[in-house]
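Have a look at the structure below before the remarks.
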Amino acid sequence: MDISRRGFVKATAVALASAAAAGTMSSLVGCADGGQKGASSGEGQKFTSVCRFCGCGCGVICEVKDNKLVSVTGDPDNQSNKGLNCVKGYYLAKILYGDDRLTVPLIRDDKSTKGTDEGLREATWDEALELVAGKLKDTWKKDKSRLAFWGSGQQPITEGYATAKFWKAGLLSNNIDPNARLCMASAVVGFMNVFQTDEPAGSYSDLDEADVFVTWGANMAEAHPMLYSRLTARKISGTNVKHYDLTTLKTRTSASADKVMVFKPNTDLAIANCIANYLVQNKKYDAAFVNDHLQFKQGTENIGNATDDGYDASDIGKSVDKVEPITFEEYAARLEPYTFEHTAQLSGVAIEDLKELAEVFADPNKKVMSLWTMGVNQHNRGTWMNHNIYNVHLLSGKIAQPGNGPFSLTGQPTACGTAREVGTFSHRLPADLLVANAQHRRYTEVIWNLPEGYLDEIQKPGFHTVKIFREMSKGNMDFLWSAHNNWAVSMPNLTRFLGKGDKTGVMDTFVVVNEVYPTLSTKYADVVFPVAMWVEREGQFGNAERRTAVFEKAVDPPGEAKWDLWVIMEVARRVLDGEKIDGQDAFDRLFGAIYDKNAADFKGDSRETNRTIWEEYRIFSNPSLNDKAKAINDDADGKFEAKLKMENKQLAPYDEYLAHHGLTWPVREVNGTWMPTKWRFSTGKQEDGFDEIGVAQYGKEGLAGGVSFYKSAKMKPSVVFRPYEPPAEEPDKEYPFVFCTGRLLEHWHTGSMTRRVPELDRALPEALLNMSPEDCAKMDIKDGDMVKVKSRFGEFDIKVSTAGRTEPPAGTVFAPFFAEETLINLAVQDTYCPLSKEPDYKKTCVSITKI
C-alpha cells in the first residue's frame, strides 16, 4: 500500500465514520498478509481477546491458521466497543511479526557498551536466570533500598498480582511501581481523596446518554478513538447534544466541538473554580444533594514544585496531602475570587464562554459527562485539577447516573486492572488497600498466609517512578528490572539519567528488561529476557470503565521466548531458595499453588495457572471469605471485618469473564447469576433488565433510588477546595515557548510495536514539531526546517510543521513522543504533582533555534 500520511488519515476518518454507522468494521480490513481472508470468512480457529493498545479496552476476535495470527476484528459481544476497531486495532495481528523479534536471552558482558547496539550476546535461559537471580539476591541481602521493579499498565492482571506479591511479600520491598505513575497517578489520588475508592463511578454507557460533553485536556479523537466515535455518534443521533473542548491547543478532538476554549496553562484550575463559584453564589447547585451527601475540606496551599530531589522529604513535601474540614460557607468564601471577569483575565477564555459553560452545569435538566486524560493528570497540580472537576459534578449532583458523571480515561490497556487494582504501586496492596494501613497489611497477611506482623517492614511506601530513576541517576540503584515498558524513551528528563555524553548511574545499575523487540531500553540492559507477546499467552486487562476481560492464548511465542510469569517465578524460585517463612520454604508458601518448582514448567497450561491466581486475588474482595478477618488480633470489635464487607468490589469467578466477554466490577452474584455494575454508588436494583448476553443493566426505577457513597468517610465524598496556582515554570526571555507532548492516532506510546507495522509507520513515519504559522513567520522558519528545542533540562533536534495534527496558539509548540530517533523527553521536565508524583509533560518552557 503506497499512501501518504494525509491520505491515510483522511481514509481513517472516513472508515471511522462508516464504522459508527455500521456498528462493526470486521469486513473492512484483514490483518493477514495479502490474499488471506479475515475472521469473517469463517475459516481458521477463533479466540476471544482484547486490544493490546490504549485504555479503551476494545474487544477483538483473533483468527489463527497454522499457529499464526492472520486477522483481528472487532468483537461485537464486548460491550466496551461493540465491534468497532480503530486503525491500530485493525493491524494488531502484525505487531507479533516484526523482523527483529527477540527470541533468545541476551547478556551484556561489557558495561562500557551500554547505550549502543553492541555488547549483547546470546545466552541460555539457565545462564540468564542465574545471573539475574544472583544479582537480585545479592542486592536484596545488602541493601533492599537499592533494588526496584518498574512494571506497567500493560502487564496482565495475574502477572502484575504475582509480581507485586513477590516484591512485597517475598523481598519485603515496596520499590515497585508501574509506568501508570506517568499517566494515571493523579486520577488515582483524586479518586481516593474524594471517594476513598479508586476508579470511575460511570461507564462508557454514559457516552450514549449525555446531553453535554466537556473534554478537559483530552484529545480523544487520537488517544481514545473508539470512545470518541461513540461521543460523535451521540452528537449525531441526539437532540441538541453539545461538546465543549477545554484545551491549551487545538486538536482533532477540537474539530468536532461546538465550542473550543483555549486556556493558558494551569488556569483550568481557575475555570473549574469559576464554575463552582457561579453555582454557589447563584444558588444553582443541587441543594438536596449537597446537604445529604457531601462534606467540605481544604488542603495545604502554596506547596511549591517537586523539581528537586529533596522535595518529598521537605516540610512542605510532607504536608501536601493534609486536608482539614471546613463548612460549606467557608468553601463558598474561598471560591469568591473566581469571578467570570477574573477568570477570563487569568485564562484568556472569553467571559461569555465561561458563563455558557457554567450554565450547562447549572441546568438540572442537562446530563453532563466530563472526560479527561493527560492534560489534567500530567500537570504540576494534577490531583488538584481532578478534585476541581469532581467538585463541579458533586455540587451540581451530576454523578452516578446515566449520562451524568466525571470520567477519567486511562491510557493503557490495563492501567486500571493491573497498575491500580492489584497493588503494583509503591504505596498500595491489592484492592485499594494501603501499605501504610496496619489493618490493610494484616488482612493481606491473612490472605497470603503470612504470620502476623510479617508485612510491617513494608509499612512505608517505596520509591515512586520518578524517585527510582532519579536515584539511579545518582548511582544509588544497583538493580532495576523493567517489564512491558520502554523507560529510556518514555521517562521525562531523560538527560538526568542517560547523561549528556557522560556516564551516569544507568551505567552502574544492573538493568534487566523483559521485551519482545529491541528498544532504546534494551540498549542499556545487562540482561534481556525475550518474552511472549499479547496472545502468545493468556492474560487479562482491566479498562477505563472497570471492565475486566480475558485475552486467550491464540499462538505460541517464537523461538525461546517465554511467558513473563514463568520468568518472574523462575527468578523468584532462585532468589528465595533457602529462605523460610515460619519454618516453611518461602517460595512454596507464596507460590506453591501455581508453581511446582520440582516440575519443568507451570502446573497445567496458562488457563489453569491464570485461574488459580485469579481465585486467590478474588479473596481480597469476596465477602464470603471475610471470616478470615476474624484472625486479625488488632480488630477485636469486628469493625474492620464489617468495613471490609462493605468496601468489597466483588470479582466473579474466572470463567465468567470468558463467557461474557468481560464484566465491569463490582460484580455480585444474584440468584446464581454474576452481574456487573454500570454505575457505582447508585442504589438501584441492578438485577432489573438484561440484554441479549445476560449482562445486567439498571432499570429506570432502580436509578431513581439515589446514591450511596459506601466507601467514603462518614458515607460522604469530599469536596476539596483547590486554588489556582501557576505552572512550575513560565515562559521568559531565555525559554519563551511552552512545549507540550502527547500521543497521535497511528502510534502508541514509544512506538515499539506500532512502528513494526509497515502501514502505520508509513502513515506517520516521523515526529514533527507543530508550531503556529505566526511564530514561524517571526523566526523565519518554514515547514521542513530543522530546529533545536532546548529547555533547562536538556535538548533535542526536530523538524517543524505548521500543518500538523495539532494547532498550537502562538507561544506553544507540540510534538509526539513515539520516535526514538527524535528523543523529545531529553528536554521534558520531570517536575511532578506533589500529591500523586506524576510528572508534568505538558508545559516545559523551551527555546527554539533554527538549525
Side-chain angles (χ1 to χ4, degrees), residues 105 107 123-151 158-176 423-424 426 429 435 441-442 444-460 462-463 477-483 509-514 526-527 529 531 562-604 609 612-613 616:
I107 288 177
T124 66
W125 271 105
D126 278 343
E127 183 185 9
L129 291 166
E130 289 289 341
L131 177 59
V132 170
K135 292 288 186 180
L136 176 55
K137 189 165 188 173
D138 183 59
T139 306
W140 176 45
K141 292 296 185 180
K142 289 180 179 177
D143 185 351
K144 67 181 63 174
S145 71
R146 298 176 71 90
L147 58 84
F149 186 95
W150 200 49
T158 51
E159 293 179 24
Y161 175 81
T163 305
K165 188 177 180 182
F166 170 43
W167 225 254
K168 292 176 186 286
L171 301 179
L172 287 173
S173 169
N174 282 327
N175 282 1
I176 175 173
T424 57
S426 62
L429 293 164
V435 298
R441 293 195 305 275
R442 184 66 191 117
T444 303
E445 288 167 351
V446 171
I447 295 173
W448 285 350
N449 190 27
L450 297 170
E452 181 182 357
Y454 185 86
L455 294 179
D456 285 353
E457 191 171 336
I458 62 164
Q459 61 186 280
K460 293 183 179 180
F463 292 169
M477 192 65 60
D478 292 337
F479 182 96
L480 173 68
W481 190 351
S482 71
T509 305
F510 188 86
V511 176
V512 182
V513 175
N514 288 19
D526 294 279
V527 174
F529 287 134
V531 290
K562 298 283 190 179
W563 186 10
D564 282 84
L565 189 58
W566 180 89
V567 178
I568 292 164
M569 290 296 97
E570 278 294 315
V571 172
R573 178 174 67 82
R574 288 165 167 82
V575 171
L576 297 177
D577 183 46
E579 302 297 323
K580 303 292 183 181
I581 299 176
D582 263 6
Q584 182 182 356
D585 180 89
F587 182 85
D588 287 343
R589 186 151 181 162
L590 293 172
F591 302 110
I594 65 166
Y595 197 92
D596 182 354
K597 66 183 184 182
N598 297 315
D601 213 330
F602 282 115
K603 291 178 179 177
T609 302
T612 302
I613 299 172
E616 179 180 298

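- Ion pairing between Arg441 and Glu457 fails under the 4.0 Å rule for side-chain N and carboxylate O.
- The environment of Lys144 atom NZ is dense: over 12 non-hydrogen atoms of other residues, nucleotides or ligands sit within 6.0 angstrom.
- Put simply, the side chain of Ile176 reaches to within 4.5 Å of the side chain of Thr163, judged on heavy atoms.
- Taken to the nearest 0.5 Å, the OG1 atom of Thr139 stands 11.0 Å off from the CG atom of Leu480.
- Heavy atoms of other residues, nucleotides or ligands lying less than 6.0 angstrom from NZ of Lys580 number more than 12.
- Proximity of Glu130 to Lys135: side-chain heavy atoms (C-beta onward) are nowhere separated by under 4.5 Å.
- From Leu455, atom CG reaches atom CG of Leu429 across 7.0 Å, with rounding to the nearest 0.5 Å.
- Contact detail for Asn514 and Ala483: the closest heavy-atom pair is CB-CB, 3.9 Å.
- With contacts defined as side-chain heavy-atom distances shorter than 4.5 Å, the pair Val512/Phe510 qualifies.
- With salt bridges taken as basic N to acidic carboxylate O contacts below 4.0 Å, none links Arg573 and Asp577.
- With contacts defined as side-chain heavy-atom distances shorter than 4.5 Å, the pair Val511/Val513 qualifies.
- The shortest side-chain heavy-atom distance between Thr609 and Leu565 falls under the 4.5 Å cut-off.
- Between Arg574 and Asp126 there is a salt bridge, since a side-chain N of the basic residue sits under 4.0 Å from a carboxylate O of the acidic one.
- Here the CG atom belonging to Leu147 is positioned 10.5 Å from the CG atom belonging to Asp138, to the nearest 0.5 angstrom.
- With Asp478 contributing its side chain and Thr509 its backbone, the two residues share no donor-acceptor pair below 3.5 Å.
- For the pair Asp143 (side chain) and Ser145 (backbone), a donor-acceptor distance under 3.5 Å is present.
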Open item on the list: Set out, in order, the CA-CA distance, both residues' side-chain angles and the distance that settles side chain to side chain contact (heavy atoms under 4.5 Å, CB included) for Leu450 and Leu590, then state yes or no.
Closed with: CA-CA 9 Å; Leu450 297 170; Leu590 293 172; 4.0 Å; yes
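- In this structure, Val435 and Lys168 have side chains that are in contact, with non-hydrogen atoms separated by less than 4.5 Å.
- The CG atom of Leu576 sits 7.5 Å away from atom CD1 of Ile581, with the distance rounded to the nearest 0.5 Å.
- Among the candidates Glu616, Glu445, Glu159, the single residue satisfying the salt bridge (Lys or Arg N to Asp or Glu O under 4.0 Å) test with Lys165 is Glu616.
- The cationic group of Lys562 does not satisfy the cation-pi geometry with Phe529, failing either the under 6.0 Å distance to the six-membered ring centre or the 45° limit from the ring axis.
- Considering only heavy atoms from C-beta on, Glu579 comes within 4.5 Å of Trp140 through its side chain.
- To the nearest 0.5 Å, the span separating CH2 on Trp167 from CD1 on Ile568 amounts to 9.0 Å.
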Task: Intermediate values then yes/no, side chain to side chain contact (heavy atoms under 4.5 Å, CB included), Asp582 and Arg589 - done: CA-CA 10 Å; Asp582 263 6; Arg589 186 151 181 162; 3.3 Å; yes
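- Relative orientation of the Phe479 and Trp481 rings is perpendicular, given thresholds of 30° and 60° on the angle between their planes.
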- [ ] Show your reasoning for whether side chain to side chain contact (heavy atoms under 4.5 Å, CB included) applies to Asn175 and Phe149.
- [x] CA-CA 6 Å; Asn175 282 1; Phe149 186 95; over 6 Å; no
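- Under the 4.5 Å side-chain criterion, counting only non-hydrogen atoms from C-beta, Pro105 is not in contact with Val527.
- Interatomic distance, CZ of Phe166 versus CG of Leu171, reported as 4.0 Å (0.5 Å rounding).
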